[in-house]
2 protein chains.
Amino acid sequence: MEKTIIELEQAAQTLKLLGDKTRLTILGLVKDSECCVCEFVEVLQMSQPSISQHLRKLRDAGLVKEQRRGQWIFYSLNREHATYPIIHQVLEQIPDQKEKLTALEEAGLRIQCDS
Amino acid sequence: MEKTIIELEQAAQTLKLLGDKTRLTILGLVKDSECCVCEFVEVLQMSQPSISQHLRKLRDAGLVKEQRRGQWIFYSLNREHATYPIIHQVLEQIPDQKEKLTALEEAGLRIQCDS
DNA sequence: TGCACATATAAGCATATACTTATATTATAA
DNA sequence: TTATAATATAAGTATATGCTTATATGTGCA
């Protein structure tokens with residue numbers, strides 16, 4: 001990835017959002033695949049409203065996108081965001097969260113939706 | 001720089017500290033050279049106690065080192081910190097803060113100390 | 001010794017943050 | 001149409017954060 005310059009204020013805002021264990025894990029999860037709220041709840045073992053509130057912050061800042069499919073709302077990383085290069089770099093340097101989704105899958109709790 | 005994996009919790013703690021405009025600027029300044037408190041005060045146009053408190057957080061977390069030289073205390077980036085790779089990457093992607101020090105220098109306000 | 005400068009620390013306060021519980025919204029399916 | 005599931009939002013609360021003002025600490029120098 002080439003070097004991109006991001007305004008300091010905007011970088012600080014994004015870094016503040018990354019500076020929380022829950023949100024950092026959420027971003028680590030959507031780095032690999034779309035996830036719906038109940039999956040975050042399951043993986044992070046936190047209350048649904050708490051997860052929803054974190055997702056709202058990430059979405060309000062534009063770091064993630066949401067897409068409704070049936071009764072589920074799937075969240076994904078917004079790779080078009082101005083500060084995405086920072087997020088990308090950070091996610092490269094923390095442990096992969098993929099296994100947590102694999103565990104869900106094995107437990108048959110992964111949401112599959114074609115609608 | 002090669003890829004280094006940093007524990008998620010520790011990464012989040014560092015990112016939280018980076019997620020503040022003042023501290024991010026401070027780190028951007030010490031990226032290039034040591035600075036003393038009064039220089040941060042001058043550049044950032046903030047009160048001395050406020051700057052000191054931000055520096056304390058950065059130092060308590062181990063992100064910066066301090067070194068007393070006479071009546072001044074100089075701060076520098078701790079490149080040995082476990083999360084330094086993250087800091088390095090972030091600082092690569094925000095505007096260079098060097099000019100702010102150049103401006104100080106031209107105003108004759110840069111601290112030179114040989115003791 | 002005593003004063004001035006650089007810096008740190010303490011205390012107080014307003015605002016932000018991250019939960020909780022309760023309730024509203026939206027979509028599916030019977 | 002009604003019940004249920006997934007999600008969002010609202011309101012309340014405890015704690016964290018970032019400033020302020022006031023004061024303490026440490027160093028250099030007359």
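Chain letters run A, B, ... following the sequence lines, proteins first and then strands; every chain starts at 1.
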Measure [atom1]/[X] against [atom2]/[N] and give the value in whole Å, please.
{"X": "Arg68(A)", "N": "dA27(C)", "atom1": "CZ", "atom2": "C1'", "answer": "6 Å"}
{"X": "Glu39(A)", "N": "dA5(D)", "atom1": "CD", "atom2": "P", "answer": "18 Å"}
{"X": "Leu55(B)", "N": "dT9(C)", "atom1": "CG", "atom2": "P", "answer": "11 Å"}
{"X": "Arg110(B)", "N": "dA6(C)", "atom1": "CZ", "atom2": "C1'", "answer": "16 Å"}
{"X": "Glu42(B)", "N": "dC5(C)", "atom1": "CD", "atom2": "C1'", "answer": "15 Å"}
{"X": "Arg59(B)", "N": "dT7(C)", "atom1": "CZ", "atom2": "C1'", "answer": "11 Å"}
{"X": "Gln71(A)", "N": "dA8(D)", "atom1": "CD", "atom2": "C1'", "answer": "15 Å"}
{"X": "Asp60(B)", "N": "dT17(D)", "atom1": "CG", "atom2": "P", "answer": "12 Å"}

Seminar exercise, completed: For nucleotides 12-22 of chain C, 5' to 3', base contacts (B), sugar-phosphate-only contacts (S) and non-contacts (-) with protein non-hydrogen atoms under 4.0 Å give -----SSBBBB

Please table the atom pairs, donor to acceptor, closer than 3.5 Å between any side-chain atom in residues 21-30 of chain B and protein atoms at least two apart or in another chain.
residue  : atom : partner  : partner atom : Å
Lys21(B) : NZ   : Glu9(A)  : OE1          : 3.2
Arg23(B) : NE   : Leu17(B) : O            : 2.8
Arg23(B) : NH1  : His54(B) : ND1          : 3.2
Thr25(B) : OG1  : Lys21(B) : O            : 2.7

Which residues share a salt bridge (charged side-chain N to carboxylate O under 4.0 Å, His left out) with [X], sequence neighbours left out:
{"X": "Glu7(A)", "answer": "none"}
{"X": "Arg79(B)", "answer": "none"}
{"X": "Glu42(B)", "answer": "none"}

Problem set entry | Asp96(A): partners by side chain to side chain contact (heavy atoms under 4.5 Å, CB included), with sequence neighbours left out |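 For Asp96(A), the residues satisfying side chain to side chain contact (heavy atoms under 4.5 Å, CB included) (neighbours in sequence not counted) are Lys31(A), Asp32(A), Lys98(A), Glu99(A).
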
For this session: Quick one: label Tyr75(B) by what it contacts on the DNA or RNA (base, sugar-phosphate, nothing), any heavy atom closer than 4.0 Å.
Result: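 If one applies the 4.0 Å heavy-atom cut-off, Tyr75(B) turns out to touch the sugar-phosphate alone, with no base involved.
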
Exercise. So, is Arg56(A) close to the dA8(D) phosphate, meaning a side-chain N or O under 4.0 Å from OP1 or OP2?
Worked result: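 For Arg56(A), the contact criterion (side-chain N or O under 4.0 Å from OP1 or OP2 of dA8(D)) is not met.
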
Problem set entry | Side-chain touch Leu101(A)/Arg110(A), heavy atoms, less than 4.5 angstrom | yes

